[in-house]
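Each chain gets a letter, A, B and so on, in the order the sequences are listed, and its residues count up from 1.
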Number of protein chains: 2
Amino acid sequence: MRLYPDLGLKVFQAPSIGVALEALKEGFRKGELTIIIGRLSVDYHGRARSKLGFGERVVILKPDGALLVHRPHGHSPVNWQPPGSIFDFKRLGEKIVINAGRSNPLEKVTLTFDRIDLLVSSRLRDDAEFSLYVDEHDIRDALVSEPELFEEGFHVVTKEKRVPSGFVDLIGVDREGRFTVIEIKKGLAGRDSVIQLKRYIDGLKGEGGAAVRGVILASGLARGCQGLLDSLGLEFKRVDPRRCYEALMKRRGGGLQLELSRWFISS
Amino acid sequence: MRLYPDLGLKVFQAPSIGVALEALKEGFRKGELTIIIGRLSVDYHGRARSKLGFGERVVILKPDGALLVHRPHGHSPVNWQPPGSIFDFKRLGEKIVINAGRSNPLEKVTLTFDRIDLLVSSRLRDDAEFSLYVDEHDIRDALVSEPELFEEGFHVVTKEKRVPSGFVDLIGVDREGRFTVIEIKKGLAGRDSVIQLKRYIDGLKGEGGAAVRGVILASGLARGCQGLLDSLGLEFKRVDPRRCYEALMKRRGGGLQLELSRWFISS
DNA sequence: CGTGCCAGGTGCCTT
DNA sequence: AAGGCACTTGGCACG
């Protein structure tokens, strides 16, 4: 652990309005990320409108134009602006006002600070690659590389096939030679997934003519959907994420142990 | 603007491992929000798995058990844990490890710091109420208070009516006495909205017996949906958000000027 | 507490 | 730029 403070990190405790404004402008000009802890109110005008009175919060301004306002509770920011926003910093009487807006869609967030307790500004270097495994995409890839994960004698014909009504995850031929359309869901498949699959099959029937088999492939089927599924002549099949993961790892190499439960036992 | 630093705010620049650990534990025990700027790697195991190598990021630990890891770019956190998570802080050689996990669903985020540049901890007071206007909910309310916004001679019967297949936004009777089901969308109504409305109507037909009129009420209709709408015997009607807003304001009192464009012109 | 559905959804990818 | 769709979706309201 390094003992010396990063020279690129600037910290201002309870800065004056002038100092804060200068730090904000300079930080953004230099491509730094800025964090503010203070008391502020928030107004948002755009796709909707929102109002939030004064309170103590954390504000993050990112160099790419993203803005986040976090309250002391909750997972998601109470207000925000996506990357690409234009920032504007100014003084208004004894308050500091930050505007963050963009033109498409036309929207603006206004922060009004009547107190800034802390302002931190720093250039952050982060080039690491983020990788997420076993999402729907990966289940599909696992099936492509090991079709027997779906069914003995199954062959994949196409993946991500565009049809008039959307995108079919996977199309193949089963051991009896039937065209099979597979709709993949990572978690529970709901009524919407069933309807989606039905649409795809109807579209394909219009194209081809022969009967088409439709299968929902997911970790489970939401309660109440079995009836709908039956009445539409569709099937549900459970996917085993662990075996998909192993199939992917076989292809990609690398391993990841499941020591989750152990940690939860130890606390 | 207050000139004195908040006594509740603790700031540690490049703290030693011992100091950082102590600050983390004490901060959480006291119900404070903690922000860390440093170099760390992140691993997530749970509903999916993810891996992120070392890089400089911002971490927020909230007193309600929410955890956020923000990279210097992008609107959304690269990793997180929702409120209610259990935190665990420990030393591992020359590194600091923070675990944040929960049991339902079983998932865990592990942060491994090889450097902490800044650690801030503070109790934040924020009791303000957040209010958001003119979403779908508000359009519905506007129609309830001024049904003629929809159509001359229209009367509302129920709002948010539960039907077997979901929730109908609005049910009423038009000037010709026909039962009318209205599906509201704030923005563009897509194919899904049309299908949803169809489901509702089918459900009601099963109940009642008389013909039911179905109307999509939105700011616009997605391209390619008009045909589907026609073939199902449904209608589309444009909603005027401005008039809805005015109707709401008339009821609620208070006003909000549209000075968005002015700000965008001035920059 | 699960279940369904909206969201200022966001992000990613393709035409 | 627009459309389609998944998401560690999150969030809320209701059974």
Side-chain angles (χ1 to χ4, degrees), chain A residues 42-50 66-67 74-83 85 102 104-109 130 132-140 160-169 183-193 196 199-200 218 222-225 241, chain B residues 42-50 66-67 69 74-83 85 100-102 104-109 130 132-140 160-169 183-188 190-193 196 199-200 220 222-225 241:
Chain A
V42 189
D43 289 271
Y44 163 73
H45 284 197
R47 288 174 281 177
R49 289 148 215 249
S50 77
L67 168 79
H75 153 277
S76 39
V78 61
N79 282 106
W80 70 92
Q81 203 65 264
S85 305
R102 57 179 182 152
N104 192 14
L106 186 64
E107 55 184 357
K108 184 177 74 157
V109 171
F130 178 72
L132 194 141
Y133 323 96
V134 213
D135 52 1
E136 176 191 322
H137 218 264
D138 290 324
I139 295 176
R140 182 166 53 61
E160 280 290 327
K161 164 86 174 155
R162 182 180 190 80
V163 294
S165 47
F167 285 84
V168 176
D169 286 327
E183 170 68 20
I184 300 173
K185 275 277 130 59
K186 213 190 82 63
L188 278 187
R191 203 174 277 128
D192 47 346
S193 311
Q196 201 174 326
R199 273 199 292 136
Y200 294 157
R223 226 159 37 74
C225 287
Chain B
V42 189
D43 289 270
Y44 163 72
H45 285 196
R47 289 173 281 177
R49 290 148 213 248
S50 76
L67 168 79
V69 182
H75 153 277
S76 39
V78 62
N79 283 104
W80 70 93
Q81 201 67 258
S85 305
R102 57 177 182 154
N104 192 14
L106 185 65
E107 55 183 356
K108 184 177 75 159
V109 171
F130 178 72
L132 195 142
Y133 329 94
V134 213
D135 51 4
E136 175 190 321
H137 220 263
D138 289 323
I139 295 176
R140 181 167 53 61
E160 280 290 328
K161 162 89 174 153
R162 182 179 192 80
V163 294
S165 47
F167 285 86
V168 175
D169 286 326
E183 169 67 21
I184 300 172
K185 274 278 129 59
K186 215 188 82 62
L188 275 188
R191 203 172 280 126
D192 47 346
S193 310
Q196 200 174 326
R199 274 199 292 137
Y200 294 157
R223 225 158 37 75
C225 287

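Side-chain atoms of A:S76 lie closest to D:dG10 of the nucleotides C:dG8, C:dT10, D:dG10. Taking only side-chain atoms of A:E183, from C-beta outward, the nucleotide of C:dG8, D:dA6, D:dG10 with the closest atom is D:dA6. Of the listed nucleotides (D:dT8, D:dG11, C:dG8), C:dG8 has the atom at the smallest distance from the side chain of A:A48. When each of C:dG8, D:dT8, D:dG11 is scored by its nearest atom to the side-chain atoms of B:Y44, the top-ranked nucleotide is D:dT8.
A:K186 places no side-chain N or O within donor-acceptor distance of the main-chain N or O of A:I139, the cut-off being under 3.5 Å.
Counting non-hydrogen atoms under 4.0 angstrom, B:N79 reaches a base of the nucleic acid. At the heavy-atom level, A:P82 lies under 4.0 Å from base atoms of the strands shown.
The phosphate of D:dT9 (OP1 or OP2) has a side-chain N or O of B:R47 nearer than 4.0 angstrom. The phosphate of D:dA6 (OP1 or OP2) has a side-chain N or O of A:K185 nearer than 4.0 angstrom. For C:dG8, neither phosphate oxygen OP1 nor OP2 lies less than 4.0 angstrom from any side-chain nitrogen or oxygen of A:R49. Within the 4.0 Å cut-off from OP1 or OP2 of D:dT9, not a single side-chain nitrogen or oxygen of B:W80 is found.
The existence of a salt bridge linking A:E136 and A:K185 is excluded, since no basic side-chain nitrogen approaches an acidic carboxylate oxygen closer than 4.0 Å.
Taking the side chain as every heavy atom from C-beta outward, B:N79 and A:F130 approach each other to under 4.5 Å.
Between the side chain of A:Q196 and the base of D:dG4 there is no donor-acceptor pair of N/O atoms closer than 3.5 Å.
Note that OH of B:Y44 and NZ of B:K108 are 12.0 Å apart. Values are rounded to the nearest 0.5 Å.
Atom CG in A:N104 sits roughly 7 Å away from atom P in D:dA2 (whole-Å rounding). Atoms CG (B:L132) and C1' (D:dC12) sit 13 Å apart, rounded to a whole Å.
D:dC7 and C:dC6 are spaced 15 Å apart, taking the C1' atom of each and rounding to whole Å. Atom name C1', nucleotides D:dA6 and D:dG10: the rounded distance is 14 Å, in whole Å. The separation of D:dT8 from D:dG4, taken at their P atoms, amounts to 22 Å, rounded to a whole angstrom.
In this structure, B:G74 and B:F130 both approach DNA chain C, and ranking their closest nucleotides by distance from the 5' end singles out B:F130. For the pair A:H137 and B:H75, both in contact range of DNA chain C, the more 5′-proximal nearest nucleotide belongs to B:H75.
Shown here are the side chain to side chain contact (heavy atoms under 4.5 Å, CB included) partners of B:S76, two or more places apart in sequence or in another chain: there are none.
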